[in-house]
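Following: one structure in C-alpha cells, then a few remarks.
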Amino acid sequence: MTSVSARPGELARVAAPDEGISVDELKLAARNHGMPLEALRYDVTPPGLHYLLVHYDIPYVDPTSWRLPITGAVEHPLELDLAALRTRPRVTHTVTLECAGNGRARFLPRPVSQPWLDEAVGTAEWTGTPLAPILAEAGLAPDAVDVVFTGHDHGTERGVEQDYARSLSVPDVMDEDVLLVYEMNGAPLPPQHGAPVRLIAPGWYGMAHVKWLRDIEVVREPFTGFQNATAYRLKQDADDPGEPVTRIRPKALMVPPGFPDFQTRRRIVDTGDVPLFGRAWSGTGTVVRVEISTDGGTSWREAELGPQPGPYAWRSWRLTWQASAPGDYELCVRATDERGEAQPVDQPWNRQGMANNMAQRVDVTVR
Ligand SMILES: Nc1nc2c(c(=O)[nH]1)N[C@H]1C(S)=C(S)[C@@H](COP(=O)(O)O)O[C@H]1N2
Ligand SMILES: [Mo]
C-alpha cells in the first residue's frame, strides 16, 4: 500500500494489475460508507445505515437563513425559503438510491476512486414538494435546455475547482416525481444527506440527486460542468467523451447467509435448508425476475418475488437453498427488469468504474 497522496489535478487513473487499495482510496472509503448488506432486510433503510457519498466536505448550511434562488432562462426569477417549500404540496416517495460508482472496486483493472464493492445503495422515504410546478410558476423560456442544480459544497477534482453541480434536461426535470426534499424517513434531512434541501430524481443514479441545494439555474445551452461532461460518463479511455450515466441499471443483492469470518467476510452455514433473500431494483422499470446460482453462475434457479412497493423502491425476493454437501460454494444473484435487461455475470469494463451491475458473488463454506 502506498502512503504518498496523488497530487491534486492528476488525471483519472487505473490501478496496475497487482496494485492494492491505496491510502488515498482508503481516505475516501472511510468517509463514504456503504450500507451493511444485512440491512437489505428492511423495506426502508434504518437511519444511519443508508450509504453515503460526499465528493468534498459536508457543508454547514444554516436552515433559517437558507434561500433557494431560481434564475436564468425564466420569466419570473424566484427565491424560496424553507417555510415557502413547506407550505407547498407535500409528497413522499420511497426511492432506492444507488451510487453510479457502486461495484467500481470489482473492475479489473480497478479505476482509482471511491472503491465501492456492492453496498453503495439504500432506500429512504423522501418528503418534499414537486419541482415541476415551481418551474412552471417561474415560467421556463421556450428555448430552455437544461436545469442546473448547484450545491453549497466546494472542492477540486482532477484539477478543476468547482461547486458540486449537476444538470437535468428540461423534459427530465419536469417529471412530476422529481422533488425538492426536506425530510428523510419522516425527520429533517440530516447534514450528510443534504440538509436543509436536496433534489431527488427517482430512478437516476446517485450523482443526480444534488444535496445542500444552493441555487437552480435554467440555461439555454447544454450544461458542460465537470460532473456532467467529465465525471459521470461511460468511457473506454481518457480521450473518449463517453456516454452519460443516467438511470440505475437492474440489480439484485442478497443478505449474505449464515455468519461471517471476521477477516475475510467468507460466510459459514450448516448443511440443510439455507434461506436466501434480498432485494432487487431498477431505475428503468420494475424487476420481473431474480435468479440464484449456487455453482458460480453455471446453473440458475428463479427466486420468488415479493410485492413491488412503489415505482422507485426495491422489492424483496427469496429462495431456499438445499445445501446438502459440505464444501466451498460461490453464490450469485442476478435481476432482469421489465424491459428484459438482465444483469451481466461478467462486467463489460469502463474506465471510470461507472454503473457496474455485474451479478453479486458471495463466498460460502457449508460445514
Ligand atoms: N452537493 C452534492 N450533492 C451530491 C453529492 C455531492 O458530493 N455533493 N454526491 C452525489 C452522489 S455521487 C451520490 S451517490 C449521492 C449520495 O447521496 P446520499 O449520500 O444521500 O446517499 O449524492 C449526490 N449528491
Ligand atoms: Mo455517487
Side-chain angles (χ1 to χ4, degrees), residues 28-29 31-36 39 44-61 66 68 93 95-105 111 113-128 148-157 160 162-168 178-185 187-216 225-228 230-234 244-249 251 281 283 312 314 352-357:
L28 286 170
R31 291 179 54 82
N32 296 304
H33 65 79
M35 181 192 72
V44 172
T45 310
L49 294 183
H50 194 282
Y51 87 96
L52 184 69
L53 195 291
V54 177
H55 279 235
Y56 314 130
D57 291 345
I58 299 169
Y60 177 79
V61 187
W66 178 86
L68 182 65
H93 290 313
V95 178
T96 297
L97 227 64
E98 184 181 8
C99 179
N102 203 14
R104 176 178 291 124
S113 182
Q114 164 72 22
W116 292 122
L117 295 167
D118 299 311
E119 57 288 277
V121 65
T123 297
E125 287 173 342
W126 302 100
T127 299
V148 184
F149 300 88
T150 303
H152 274 278
D153 48 333
H154 188 87
T156 76
E157 209 163 326
V160 182
Q162 56 192 285
D163 301 321
Y164 187 90
R166 281 277 311 183
S167 69
L168 287 172
V178 172
L179 302 180
L180 294 177
V181 160
Y182 44 76
E183 285 177 17
M184 180 184 192
N185 299 343
L189 273 186
Q192 69 274 26
H193 290 294
V197 176
R198 78 178 301 174
L199 188 70
I200 286 289
W204 285 70
Y205 273 117
M207 73 283 157
H209 308 246
V210 178
K211 302 194 273 191
W212 314 293
L213 278 176
R214 192 194 70 199
D215 58 65
I216 297 178
F226 183 89
Q227 303 300 340
N228 280 78
T230 305
Y232 289 96
R233 318 276 306 184
L234 298 162
V245 175
T246 59
R247 287 176 177 274
I248 302 175
R249 290 174 169 172
K251 186 177 278 187
W281 61 93
Y312 304 113
W314 57 25
Q352 301 194 118
M354 295 294 174
N356 184 358
N357 68 336

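Note that ligands are numbered from 1 as they come in the structure, with each ligand's atoms numbered from 1 the same way. Source: prediction; values computed, not measured.
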Quiz item: Which of parallel (below 30°), tilted (30 to 60°) and perpendicular (above 60°) describes His193 and His50?
Solution: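 Correct class here is perpendicular.
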
Taking [atom] as the reference point, the nearest protein heavy atom with its distance:
atom: atom 16 (C) of ligand 1; result: Tyr51 OH, 3.5 Å
atom: atom 19 (O) of ligand 1; result: Lys211 NZ, 2.6 Å
atom: atom 23 (C) of ligand 1; result: Gly206 O, 3.3 Å
atom: atom 7 (O) of ligand 1; result: His55 N, 2.8 Å
atom: atom 10 (C) of ligand 1; result: Tyr164 OH, 3.6 Å
atom: atom 24 (N) of ligand 1; result: His209 O, 3.1 Å

Number the atoms of ligand 1 from 1 as they appear, then name those within less than 4.0 Å of a heavy atom of [X], with their elements.
X: Val210; answer: 1 (N), 3 (N), 24 (N)
X: Leu52; answer: 19 (O)
X: His50; answer: 21 (O)
X: Trp212; answer: 1 (N), 2 (C), 8 (N)
X: Cys99; answer: 14 (S)
X: Val54; answer: 7 (O)

Are any of the N/O atoms on [X], whether in the backbone or the side chain, positioned under 3.5 angstrom from an N/O atom of ligand 1?
X: Arg198; answer: yes
X: Asp153; answer: yes
X: Leu53; answer: yes
X: His193; answer: yes

Quiz prompt | Backbone N/O of Ile200 and side chain of His93: donor-acceptor pair under 3.5 Å | solution =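 Side chain of His93 to backbone of Ile200, a donor-acceptor pair under 3.5 Å: no, none is there.
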
Quiz item: Is there a donor-acceptor pair under 3.5 Å between the side chain of Tyr164 and the backbone N or O of Met207?
Solution: yes

Quick one: does [X]'s side chain get under 4.5 Å of [Y]'s, heavy atoms only?
X: Leu213; Y: Asp215; value: no
X: Val210; Y: Thr150; value: no
X: Asn102; Y: Asn356; value: no
X: Leu199; Y: Leu168; value: yes
X: Cys99; Y: Tyr51; value: yes

Quiz item: Looking at Trp66, is Arg214 sitting on its ring face, NZ or CZ under 6.0 Å from the six-membered ring centre and within 45 degrees of the normal?
Solution: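 Because its charged atom misses either the 6.0 Å distance or the 45° angle limit, Arg214 does not stack over Trp66.
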
Self-check item: Passing option when Gln227 is tested against Arg166, Arg233, Glu157 for side chain to side chain donor-acceptor pair (under 3.5 Å)
Solution: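 Single pass found, and it is Glu157.
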
Quiz item: Should Tyr232 be listed as contacting ligand 1, given a heavy-atom distance under 4.0 Å as the test?
Solution: yes

Self-check item: Chi angles and distances behind the side chain to side chain donor-acceptor pair (under 3.5 Å) call for Thr123, Thr45
Solution: CA-CA 5 Å; Thr123 297; Thr45 310; 4.6 Å; no

